> 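What follows is a single structure, and I will ask about it in a moment.
Because the structure is a prediction, the values reported are computed rather than measured.
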Amino acid sequence: MRTRPIGPSGTALSVIGQGTWQLEHAERRTAVRALNTGIDAGMTHIDTAESYGEGEVERLVGEAVRHRRHEVFLTSKVRPANADAHGTVAACERSLRRLGTDHLDLYLLHWPDGHPLDETLTGLRALHRAGKVLHYGVSNFHERHLTELFARTEPGEIACNQVLHHLGDRSAELRVAPACRARGTAMVGYSPFGLGSFPPSPRAAAVLDAIAGAHGATRHQIALAFLVRDPHTFAIPKTATPSRAAENAAAADIALTSEDIARIAAACPAGADGGGSPSGASEVSGGQR
């Protein structure tokens, strides 16, 4: 598994990780096995949130990593409603208990709404000073939200912005990714297989299948390889199927040619929007395999 630096310390992070939205609906033992299969294959970044299954997914993730916490880069998120200075700390402590760990590698504000941003930053910084959070960042921040955020933080302080990013919606590449890159902030893309329609068009399907055939890969692997082609971008596909977890991880080894990239970009244009989803609602049905 290839890795890239994330955060001010330059911590190495797998370019492809594992999302866990709606994992509480999967058969528990199979879901735990899928997460461990992914870790075995190098997808050591596991992303979750206090809102996923009202904490149940954090408990599931904690079960999966109980005996291998040292191998995992663990991310969770605070609800905006909880994200004042005191509430951010309290929410993180609840997440730590559910996950069975004494620290998070990365802690994110789930979307930009609710309490004033300065309040959230106060809580995140307090957690960082206490060693309970090694890195912190945000999720679903559009360009205008990033402008406000970066006016209140130092370059490199915000480790990542986690946003919607798939072949049917590459809009985050237009303004969100460049804004993040300029401040030393990584972009982590969730729902890399879209929100219920993959591939996003018949033309995209034909292009992906042709390129997959040339690389001895699947269309899902080609999509992932394309989405993490930028050196500041990561992806966190979600699956509750062990074999698909292994398949997702193998996508990191695919080296697309410049012609491959151009063909996919032409079939799946980036569009003209700003990227992300401030409400967080786009996670509801997306990113599953």
Side-chain angles (χ1 to χ4, degrees), residues 1-4 13-23 25-27 30-47 64 162-173 187-231 233-271 282-283 285-289:
M1 172 61 66
R2 288 184 293 125
T3 63
R4 289 172 180 156
L13 184 66
S14 57
V15 296
I16 299 174
Q18 303 187 76
T20 62
W21 172 258
Q22 292 191 326
L23 205 58
H25 300 304
E27 198 280 321
T30 304
V32 167
R33 190 155 54 89
L35 287 170
N36 277 288
T37 297
I39 297 169
D40 291 341
M43 293 193 300
T44 53
H45 177 199
I46 299 180
D47 176 86
Q162 188 184 112
V163 296
L164 179 68
H165 186 215
H166 59 84
L167 294 186
D169 186 351
R170 293 177 48 221
S171 55
E173 297 178 23
M187 189 177 88
V188 176
Y190 66 77
S191 296
F193 303 125
L195 303 175
S197 59
F198 179 84
S201 69
R203 180 187 178 190
V207 169
L208 290 174
D209 287 344
I211 295 172
H215 287 271
T218 68
R219 56 171 57 165
H220 289 84
Q221 289 175 318
I222 297 301
L224 282 175
F226 177 84
L227 293 171
V228 299
R229 71 196 185 282
D230 184 280
T233 300
F234 302 79
I236 47 171
K238 173 266 180 113
T239 184
T241 305
S243 61
R244 288 174 178 167
E247 180 184 330
N248 289 341
D253 296 327
I254 297 172
L256 297 176
T257 68
S258 57
E259 181 183 357
D260 293 336
I261 291 170
R263 290 175 67 192
I264 297 169
C268 307
S282 59
E283 288 182 313
S285 62
Q288 300 187 45
R289 282 201 63 208

> Measure from the side-chain N and O atoms of Arg2 to the backbone N and O of Val15, and report whether any donor-acceptor pair falls under 3.5 Å.
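No.
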
> If you look at every heavy atom in Ala34 and Ala245, which pair is closest and at what distance?
O-CB, 3.6 Å

> Tell me whether Arg33 contacts the main-chain N or O of Pro242 through its side chain, where contact means a donor paired with an acceptor under 3.5 Å.
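No.
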
> Which residue pairs satisfy the side chain to side chain donor-acceptor pair (under 3.5 Å) criterion with at least one member in residues 200-213, sequence neighbours excluded?
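Checked against side chain to side chain donor-acceptor pair (under 3.5 Å) - neighbours excluded - the pairs reaching residues 200-213 are Asp209-Arg219.
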
> Rounded to the nearest 0.5 Å, what separates atom CD1 in Ile222 from atom CD1 in Ile211?
6.5 Å

> Is the ring pair Phe193/Phe198 parallel, tilted or perpendicular, if the boundaries are 30 and 60 degrees?
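Because their plane-to-plane angle is over 60°, the rings of Phe193 and Phe198 count as perpendicular.
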
> Of all residues at least two apart in sequence or in a different chain, which pass the salt bridge (charged side-chain N to carboxylate O under 4.0 Å, His left out) check with Glu27?
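Salt bridge (charged side-chain N to carboxylate O under 4.0 Å, His left out) list for Glu27, sorted by chain: Arg29.
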
> Evaluate the side-chain proximity of Gln162 to Tyr190: yes if any heavy-atom separation is below 4.5 Å, no if none is.
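In short, these two side chains touch, coming nearer than 4.5 Å.
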
> Should Leu208 and Leu167 count as side-chain neighbours, where that means a heavy-atom distance under 4.5 Å?
yes

> If you measure from CG on Leu227 to CE on Met187, what distance do you get to the nearest 0.5 Å?
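So the gap between those two atoms works out to 8.5 Å.
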
> Are any of the side-chain heavy atoms of Leu13 and Phe234 separated by less than 4.5 Å?
yes

> Which heavy atom in Gly17 sits nearest to a heavy atom in Pro237, and how many Å separate them?
O-CD, 3.2 Å

> Only counting residues at least two apart or in another chain, list the ones meeting side chain to side chain donor-acceptor pair (under 3.5 Å) with Thr257.
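Partners of Thr257 by the side chain to side chain donor-acceptor pair (under 3.5 Å) criterion, ordered by chain and then number, come out as Asp260.
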
> Ignoring hydrogens and angles, tell me if any N or O in the side chain of Gln18 forms a donor-acceptor pair with the backbone of Met43 under 3.5 Å.
yes

> Measure across Leu164 and Ala172 and return the closest heavy-atom pair with its distance rounded to 0.1 Å.
O-CB, 4.0 Å

> Can you name the salt bridge (charged side-chain N to carboxylate O under 4.0 Å, His left out) partners of Asp253, sequence neighbours left out?
none

> For the NE2 atom of His166 and the OG atom of Ser171, what is their distance to the nearest 0.5 Å?
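Rounded to the nearest 0.5 Å, the NE2-OG separation comes to 8.0 Å.
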
> Who pairs with Thr20 by side chain to side chain donor-acceptor pair (under 3.5 Å), at least two apart in sequence or on another chain?
Thr48

> State the OG1-CG distance between Thr239 and Leu23, to the nearest 0.5 angstrom.
8.5 Å

> Would you give the length of the straight line joining atom OG1 of Thr44 to atom CD1 of Ile39, rounded to the nearest 0.5 angstrom?
8.0 Å

> Rounded to the nearest 0.5 Å, what separation is found between the CG atom of Asp230 and the CD atom of Glu173?
7.5 Å

> Who passes side chain to side chain donor-acceptor pair (under 3.5 Å) against His45, sequence neighbours left out?
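Checked His45 against side chain to side chain donor-acceptor pair (under 3.5 Å); matches are Thr75.
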
> Please answer whether the main-chain N or O of Ile16 pairs with a side-chain N or O of Ser14 as donor and acceptor at a distance below 3.5 Å.
yes

> Would you check if the side chain of Gln221 reaches a backbone N or O of Glu247 as a donor-acceptor pair within less than 3.5 Å?
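At least one qualifying donor-acceptor pair exists.
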
